[in-house]
Structure formats: C-alpha cells, structure tokens
Amino acid sequence: FNAFGDDVDRLEYAFNLVEEVEVTSTGEVLIAETIFDDPEDTARVSRVTAADRLIRVAGEGRTAVANGIDALEARLPPLRALGVDADDNFYVIDARTDERDLFRSRRVLRVDATTGLLSIVAGDNEYVPQPDDMGRFPDVEGLPPLDAFISIGSSLLVDSQGRILVGDSGAVLRFDLAQNTTEIVAGTDRSQEPPSRGRRDVSGVGAPLRSVRFGRIDGLAFDPASEDFLYVADDFAGLVWRLDLTRDRAYVIAGKRRRFLDNIARIRVPDAPRDPFTRLGGPAAVVLASGRVYIAETFADSLRVLRPK
C-alpha cells in the first residue's frame with residue numbers, strides 16, 4: 001500500500017476496503033473504507049474534491065468515539081453504512097466489536113459539515129438477552145433514537161426532512177432527531193419474532209408495510225421524483241422491494257424468494273435480457289436514475305438494470 005495521507009492525489013491513494021460511496025450536493029464524493037490494522041481494524045472517511053484531491057475528513061485518529069470530538073481525531077470502528085443530508089453533513093453506522101458484540105447496538109454517528117465535529121445520534125444502547133430471545137431484539141417503536149437498538153444497520157439514507165432511515169435486520173427504521181422518536185417504517189416488530197433471513201417465505205407482496213418479512217436490508221434509495229416511494233435491496237432474501245409509503249403497500253419488483261445460502265452460490269448472468277422475477281445473487285444496493293432501477297448483486301458480481309415498460 002501507498003502511505004496514507006491527509007491530502008493526496010485521488011489516483012495515488014491505495015484504498016484498503018471501500019465500504020460505501022456517497023455524493024454531496026456540490027458533487028464531491030465521500031468514501032468510507034475499512035483500514036486493516038493491528039491489533040484492531042479501524043476506518044476512515046475521505047472526500048474527493050473538485051481539484052481531484054483526496055482528503056481525510058474522519059477517522060484514523062487516536063480518540064475513542066464520543067460526542068463533540070473532532071472527527072479527524074476519532075478512531076472509528078469499521079463502518080457499515082454512509083449517508084449525506086441536504087446540508088452535506090454525513091452519517092455513518094459503526095460496527096464496533098468486542099466480546100459483547102451481539103448485544104451492543106450499532107451506532108449512527110454524525111459529522112457536521114461546517115465544524116467537523118462528531119456526535120452520536122442513534123443506537124447508543126445495549127441489552128442483555130433472555131434465554132428465549134434468540135434472533136429477537138428490543139422493540140424500538142416510539143423510543144428516543146439514542147435508546148434504540150440497531151442490530152445490523154447495513155444501510156442508511158437521509159430524507160429531505162433530515163430524518164435518518166436505517167436498513168436493519170428485518171425492518172426499516174426511521175429516526176426523527178427533531179422529534180426525538182424512532183419509528184418502524186416497514187417490517188416486523190423484532191421483539192415478537194426473529195427476522196426471516198431468507199430461510200422462510202417472505203410475505204408482504206402488495207401487503208401493508210408492517211407485514212413484510214425482510215431478511216437483511218443492504219440497500220435503500222428514494223425515487224428521485226418522490227420520497228413517497230422507497231426502494232429496498234433485501235440481500236438475505238434475494239429480493240428488491242418498492243415501498244409505497246403513502247398507501248402503506250409493499251411490492252417485490254425483482255428477485256425470487258430464496259434461502260440465503262442459495263444466494264451464495266456463484267450465479268452466471270446471461271447476456272440476454274431476462275425476467276426480473278428470477279433469482280438475484282445477493283442484491284446489495286439499489287439506485288434509481290433516468291427512470292431506471294440499478295441493482296448491484298454481490299454474489300453474481302454484476303449490475304442489473306430494470307427498464308420501465
């Protein structure tokens with residue numbers, strides 16, 4: 001690897017493991033990466049400027065994550081998701097790990113675009129499971145964001161009102177920092193039944209949002225024309241969903257229900273167009289542009305494009 005730098009030519013920097021990429025309102029690119037380190041992996045977020053420079057904006061410091069510290073001084077755990085709001089403040093979900101990893105919530109961290117200060121805005125919680133709690137997590141409906149438990153937090157999106165949507169295990173969560181509340185937008189109450197993880201049938205096609213049985217949500221995207229429509233990439237179940245938030249309905253637009261282990265097998269993608277309701281190889285991200293839906297498939301090493309009829 002090349003030496004890490006705080007301000008280098010974007011083509012001369014050698015990344016470790018790129019986790020997420022986002023674009024700001026000014027067209028600059030934010031990149032979250034995991035840094036392989038000894039004895040513990042860490043992370044950084046970099047910004048690609050209009051002058052083609054790559055500048056570190058968070059991480060690779062020596063200070064443990066805490067409210068009010070300079071993001072450049074923070075030693076970030078590996079990151080699971082990255083998002084940007086309308087004012088170019090950016091948010092990440094950390095994947096802090098220790099011997100209690102399964103029982104500690106993932107945290108949503110915010111970095112102020114003006115001051116560069118870091119704050120913990122959601123998920124600063126942990127719990128002690130009961131013997132019959134396998135696969136279940138505390139209910140989050142109505143809780144203050146800091147009290148909510150985020151089990152995986154593998155995707156993040158910020159809406160035009162500044163509310164943070166998180167794709168979690170079995171549900172889409174929405175954190176309203178202004179109102180200090182948490183809401184389950186879609187999916188099941190995780191305190192009642194474990195998420196599907198693709199091992200059972202995934203119900204909810206054309207059904208109410210709260211009846212959908214998601215596996216693990218790795219991708220979230222709004223329709224550019226309206227935030228009334230949310231698109232969800234469900235990696236474990238091998239499905240891509242379109243959620244109508246105003247009519248309280250969920251529809252599968254691509255994929256076929258599979259067990260998660262079936263998705264891991266390498267999938268050959270033919271050159272010819274094919275039925276969208278066929279097997280997907282681990283849909284990990286979804287993006288909408290120019291009236292088309294782009295789906296990144298992890299296990300198929302491919303990018304699928306859905307064109308409107």
Side-chain angles (χ1 to χ4, degrees), residues 4-10 13 15-16 18-35 37 40-96 104-125 144-148 150 153 155-166 173-182 220 222 227:
F4 295 125
D6 285 345
D7 184 354
V8 298
D9 186 288
R10 63 179 175 84
Y13 179 81
F15 289 100
N16 276 227
V18 174
E19 301 284 1
E20 291 280 348
V21 176
E22 283 287 344
V23 181
T24 69
S25 64
T26 60
E28 295 186 328
V29 178
L30 291 173
I31 303 169
E33 66 171 312
T34 293
I35 305 294
D37 202 358
E40 185 177 61
D41 293 344
T42 183
R44 69 177 266 166
V45 180
S46 303
R47 175 167 52 91
V48 180
T49 70
D52 289 336
R53 307 295 294 177
L54 187 123
I55 299 175
R56 178 172 62 95
V57 292
E60 285 201 290
R62 301 190 177 204
T63 305
V65 170
N67 284 311
I69 67 171
D70 189 326
L72 291 172
E73 299 299 323
R75 183 173 178 83
L76 296 175
L79 304 175
R80 288 187 177 270
L82 170 69
V84 184
D85 67 18
D87 296 321
D88 290 338
N89 307 302
F90 68 87
Y91 302 76
V92 295
I93 299 178
D94 73 3
R96 55 181 178 171
R104 301 183 69 192
S105 173
R106 303 309 192 226
R107 297 173 297 187
V108 180
L109 312 179
R110 178 185 184 271
V111 176
D112 189 279
T114 302
T115 65
L117 298 182
L118 181 147
S119 56
I120 304 169
V121 296
D124 195 18
N125 196 4
L146 287 173
D147 291 341
I150 304 171
S155 53
L156 186 152
L157 185 65
V158 185
D159 68 15
S160 59
Q161 299 180 51
R163 298 175 300 185
I164 305 165
L165 285 82
V166 170
L173 311 180
R174 182 163 59 199
F175 300 110
D176 189 328
L177 303 184
Q179 299 298 321
N180 197 33
T181 59
T182 303
L220 293 172
F222 282 123
E227 290 187 355

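- Across all non-hydrogen atoms, the minimal contact from Ala148 to Thr182 is CB-OG1, 3.9 Å.
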Q.
For Thr42 and Glu60: C-alpha separation, side-chain torsions, deciding distance, then whether side-chain hydrogen bond (donor to acceptor under 3.5 Å, both in side chains) applies.
A. CA-CA 7 Å; Thr42 183; Glu60 285 201 290; over 6 Å; no
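- Taking 4.5 Å as the limit, some side-chain heavy atom of Asp159 sits within range of a side-chain heavy atom of Leu165.
- Side-chain polar atoms of Ser25 and Asp88 form a donor-acceptor pair below 3.5 angstrom.
- Put simply, the side chain of Ile164 reaches to within 4.5 Å of the side chain of Leu177, judged on heavy atoms.
- The distance from atom CZ of Phe90 to atom CG of Leu118, rounded to the nearest 0.5 Å, is 8.0 Å.
- Proximity of a side-chain donor or acceptor of Glu20 to a complementary backbone N or O of Gly83 within less than 3.5 Å is not detected.
- Between Leu117 and Val111 the shortest side-chain heavy-atom distance does not fall below 4.5 Å.
- Pairing each heavy atom of Ala113 with each of Asp87, the nearest pair is CB-O, 3.8 Å.
- No side-chain heavy atom of Val23 sits under 4.5 Å from any side-chain heavy atom of Leu30.
- Across Leu79 and Ala43, no two heavy atoms sit closer than the pair CG-CB, 3.7 Å.
- The minimum heavy-atom distance between Val65 and Arg107, with the atom names listed, is CB-NH2, 3.9 Å.
- Between Asp41 atom CG and Asn16 atom CG the span is 8.5 Å, to the nearest 0.5 Å.
- Note: Asp94 CG to Leu76 CG = 8.0 Å, rounded to the nearest 0.5 Å.
- Between the OG1 atom in Thr181 and the CZ atom in Arg174 there is a gap of 9.0 Å [rounded to 0.5 Å].
- When atom types are taken as modelled, the side chain of Asn67 and the backbone of Ser119 share no donor-acceptor pair closer than 3.5 angstrom.
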Q.
Phe175 vs Asn180, test: side-chain contact (heavy atoms from CB on, under 4.5 Å). Steps then yes/no.
A. CA-CA 8 Å; Phe175 300 110; Asn180 197 33; over 6 Å; no
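- The closest side-chain donor-acceptor pair between Glu73 and Thr63, if any, does not fall under 3.5 angstrom.
- Between Gly123 and Ser105, the shortest heavy-atom distance links the atoms O-OG, 2.8 Å.
- Here the side chains of Ile55 and Thr49 are in contact, with some heavy-atom distance below 4.5 Å.
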Q. Where do Arg110 and Asp112 land on the salt bridge (Lys or Arg N to Asp or Glu O under 4.0 Å) test, with the steps shown first?
A. CA-CA 6 Å; Arg110 178 185 184 271; Asp112 189 279; 3.5 Å; yes
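- The closest side-chain heavy-atom distance from Leu156 to Val108 is below 4.5 Å.
- Of the candidates Arg10, Arg53, Arg47, Arg47 is the only one forming a salt bridge (Lys or Arg N to Asp or Glu O under 4.0 Å) with Glu28.
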Q: Show the numbers, then the answer: is there a side-chain contact (heavy atoms from CB on, under 4.5 Å) between Val84 and Asn89?
A: CA-CA 6 Å; Val84 184; Asn89 307 302; over 6 Å; no
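- Residues Ala95 and Arg80 share a closest heavy-atom pair of CB-NE, 3.5 Å.
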**Q.** Audit row: Val166, Ile93, side-chain contact (heavy atoms from CB on, under 4.5 Å) steps and yes/no
**A.** CA-CA 9 Å; Val166 170; Ile93 299 178; 3.8 Å; yes
**Q.** Ile120 vs Leu146, side-chain contact (heavy atoms from CB on, under 4.5 Å): CA-CA, chis, key distance, verdict
**A.** CA-CA 8 Å; Ile120 304 169; Leu146 287 173; 4.1 Å; yes
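- The side-chain heavy atoms of Leu82 and Val21, taken from C-beta on, include no pair separated by under 4.5 Å.
- Here the side chains of Tyr91 and Val158 are in contact, with some heavy-atom distance below 4.5 Å.
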